[in-house]
Amino acid sequence: MSKAGSNNPSDFLKTVLGRPVVVKLNSGVDYRGVLACLDGYMNIAMEQTEEYVNGQLKAKYGDTFIRGNNVLYISTQRKR
């Protein structure tokens with residue numbers, strides 16, 4: 001197996017640190033912002049965060065902390 005195209009979650013998270021991401025919670029709420037840091041429990045700190053419920057912007061926050069056990073997934077955010 002080639003390491004050049006490694007697709008493990010740890011490598012993905014290292015590449016998106018400091019970049020815009022979407023964090024989807026188990027509740028269905030999306031948080032979009034810049035991934036500041038995360039730990040081994042998937043606790044997430046974000047900056048310039050926007051909260052979306054059913055695709056609609058509900059609130060804007062500066063810094064946000066999300067507890068890891070609430071996270072369904074993290075994905076990259078396309079530039080708008």
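Hydrogens, waters and symmetry mates are skipped; everything else that's a heavy atom, side chains included, is used. The model shown is predicted, which means the values in this text are computed figures rather than measured ones.
- To the nearest 0.5 angstrom, Lys14 atom NZ is 11.0 Å from Leu38 atom CG.
- Here the straight-line distance linking atom CD of Gln48 with atom NZ of Lys60 works out to 10.5 Å at 0.5 Å rounding.
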Stepwise side-chain contact (heavy atoms from CB on, under 4.5 Å) check, Val21 with Met46: CA-CA 9 Å; Val21 294; Met46 295 174 69; 4.1 Å; yes
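- A salt bridge does not link Lys58 to Glu51: none of the charged nitrogens lies less than 4.0 Å from a carboxylate oxygen.
- Shown are Val23, Asp30, Val22; of these, the side chain to side chain contact (heavy atoms under 4.5 Å, CB included) with Ser75 is made only by Val22.
- Asn69 contributes atom CG, which lies 12.0 Å from atom OH of Tyr41 (distance to the nearest 0.5 angstrom).
- In this structure, Ile66 and Val71 have side chains that are in contact, with non-hydrogen atoms separated by less than 4.5 Å.
- Atom CG of Leu25 sits about 8.5 Å away from atom CG of Leu72, to the nearest 0.5 Å.
- Separation of atoms OH (Tyr31) and CD1 (Ile44) is listed at 11.5 Å; rounding is to 0.5 Å.
- With hydrogens and angles disregarded, a donor-acceptor distance shorter than 3.5 Å links the side chain of Asn43 to the backbone of Gly68.
- For Asn54, the CG atom counts as loosely surrounded, since its 6.0 Å shell holds 12 or fewer non-hydrogen atoms of other residues, nucleotides or ligands.
- Residues satisfying the side chain to side chain contact (heavy atoms under 4.5 Å, CB included) test with Glu47, not counting sequence neighbours, are Val34, Ala36, Asp63.
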